[in-house]
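In what follows, a single structure is set out as C-alpha cells and then discussed.
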Amino acid sequence: MKNQFNITPEKLKGPFNLHLTICSGQTSQPPWKEDNGYFQELVLVEGKPCLVKIRQEDVDLEGKLNIIYESPEEIHEKNIEAKVQEIFGLNDDLNQLYNFLNEDPNLAPAIDFCQGLRLFKAHNPFECVISSISSANCSIIRWTRSIQDIKLKWGDAYKFSSGKHYSFPSPNVLGAVPEHEMEEIQRSEDDLPENFVFENNLQSCGVGYRAKYIIQAAKMVQNEINLDKLVKMKYEKAFDSILDIPGVGPKVADCILLYGFGKGEAFPTDVWINRIISHLYFKGENKKPSEVRAFGRENFEVYAGYVQLYLFHYARNSGLLNKLKV
DNA sequence: TTCCAGGTAGTCG
DNA sequence: CGACTACCTGGA
C-alpha cells in the first residue's frame with residue numbers, strides 16, 4: 001500500500017520547523033535521510049514496517065506537512081499520523097513553552113534562535129537506548145554512523161519503490177552479536193578464505209569500548225527490563241531502574257527518558273549544558289553536573305527537556321558556546 | 001605525529 | 001560519599 005496525507009499548520013500549537021527539528025543533533029536517533037526534498041525513515045506502525053517520507057512546503061513555517069507512506073502491509077492511516085505527531089512533538093504546545101521561556105530573562109533570547117524547534121522523539125525505544133549509550137563520550141557524527149552501521153549489518157531489510165531500508169535489530173539479535181573481531185574469529189568456521197575480512201562484530205561499527213555495554217544492554221532489555229513498563233513509570237523510578245543498564249549514567253538515562261519515553265521533565269546534563277547553566281545562573285562558577293541537573297529539574301519542571309534543547313541550540317548559534325570553551 | 005573531546009565505570013581514600 | 005583516571009575513536 002502507498003498513500004499520502006497532509007497535516008496543516010492550524011492543527012499545531014505554535015510553529016514547527018521540520019528541517020531544524022531533524023537536523024539539530026538531538027540524541028535519540030540519527031537524522032532521517034534526505035531525498036528529493038523529503039526526509040525519510042523506516043518506522044514500525046502497528047508492528048508493521050512502514051516507510052514514512054515527510055516534507056514541509058515552504059520553510060517559513062507556514063507551509064503544511066506532506067507525508068507519503070508505503071508498506072507491504074495494510075496500516076490504518078490514523079496510526080501513521082499519530083506516530084508522526086509523536087516523533088516530531090507535534091502535540092507539544094510551543095506557545096505555552098514560549099510563554100514560560102519569556103518569563104525568564106536568561107531563556108527568552110533562545111526563542112528567536114529556535115523558532116519551531118521541537119523535541120525529535122525516538123520512533124523505536126530500544127534504538128534510543130542503544131544510540132544514547134553509543135553517544136556517551138562520543139561525537140554526534142560518530143555515534144550516528146555507528147547506528148547506521150548496526151542497522152545495515154543486523155537489521156531486517158525491506159524493499160520499497162525507492163530502494164532498501166533497514167530496521168534496527170531487535171534486542172535478541174543485537175544481544176547475540178560478537179563484541180569484537182577476536183570473538184567473531186573464534187565463532188567462525190575455519191574454512192574461510194585467507195583474506196576474509198571480519199567486520200560482523202560490534203566494535204567494527206566504531207562504538208569502541210561501548211560494544212560490551214551495548215550487548216549487555218540488549219540482553220537486559222530482552223530478559224529483565226521491560227521498556228513498555230518504563231514508559232508508564234514515574235520519572236524518578238524509571239530513572240533509577242535504567243541506571244542499572246551498563247553504559248547508562250545520569251546523562252544517558254535522561255536522554256533515554258526524554259527522547260525514548262517522552263518524559264519532558266528530564267534534564268540531560270552534558271558538559272555543554274553544564275557550562276551554559278553555570279554561566280547563565282551561577283556567574284560562571286563551575287557547578288557539578290549533578291547540581292545542574294537538580295537545578296534544571298527544579299526550575300524548569302515539565303519544560304526541562306525543552307529548555308535543555310533550546311539552551312544548547314541557542315548557545316551554539318549565538319556564539320555563546322564558543323565563549324564557554326575552556 | 002601527538003593531542004584532545006566526551007560520559008561512564010572502576011578504584012582508592 | 002568525592003576525587004581521580006582509563007576507556008576507543010576520529011578529527012584537529
Hey, does the side-chain of A/Tyr209 have a donor or acceptor N/O within less than 3.5 Å of a partner on the base of B/dG7?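 By the distance-only test, yes, there is a pair.
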
Sub-6.0 Å ring centroid separation between A/Phe282 and A/Phe295: yes

Taking [atom1] from [X] and [atom2] from [N], how many angstroms apart are they, rounded to a whole number?
X	N	atom1	atom2	value
A/Leu243	B/dT8	CG	C1'	11 Å
A/Lys212	C/dC8	NZ	C1'	10 Å
A/Ile130	B/dG7	CD1	C1'	16 Å
A/Gln216	B/dA9	CD	P	10 Å
A/Ile141	C/dT9	CD1	C1'	13 Å
A/Ile242	B/dA9	CD1	C1'	17 Å
A/Arg142	C/dG11	CZ	C1'	10 Å
A/Leu202	C/dC8	CG	C1'	13 Å

With a 4.0 Å cut-off on heavy atoms, is A/Trp272 in touch with a base, just the backbone sugar-phosphate, or nothing at all? sugar-phosphate

Flag, side chain of [X] to backbone of [Y], donor-acceptor distance under 3.5 Å:
X	Y	answer
A/Asn6	A/Thr8	no
A/Arg145	A/Cys205	no
A/Lys11	A/Leu90	no

Of the options C/dG2, C/dG10, C/dC8, whose atoms approach the side-chain atoms of A/Lys288 most closely? C/dG2

When you measure from the side chain of A/Ala136, which nucleotide among C/dC8, C/dG10, B/dG7 comes out closest?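 Side chain of A/Ala136 sits closest to B/dG7.
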
Side-chain polar contacts of residues 287-294 of chain A - donor-acceptor pairs under 3.5 angstrom, sequence neighbours left out - could you list them?
from     : atom 1 : to       : atom 2 : distance (Å)
A/Lys287 : NZ     : A/Glu285 : OE2    : 3.4
A/Glu291 : OE1    : A/Lys288 : N      : 2.8
A/Arg293 : NE     : A/Asp254 : OD2    : 2.9
A/Arg293 : NH2    : A/Tyr235 : OH     : 2.9

Sidechain N-carboxylate O distance under 4.0 Å for A/Lys212, A/Glu183: no

Flag the pair A/Glu41 and A/Lys151 as a salt bridge only when some basic side-chain nitrogen lies within less than 4.0 angstrom of an acidic carboxylate oxygen. yes

Just to be sure I understand the geometry, which residues of residues 246-265 of chain A put a non-hydrogen atom under 4.0 Å away from DNA chain B?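 Those residues are A/Pro246, A/Gly247, A/Val248, A/Gly249, A/Pro250, A/Lys251, A/Val252.
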
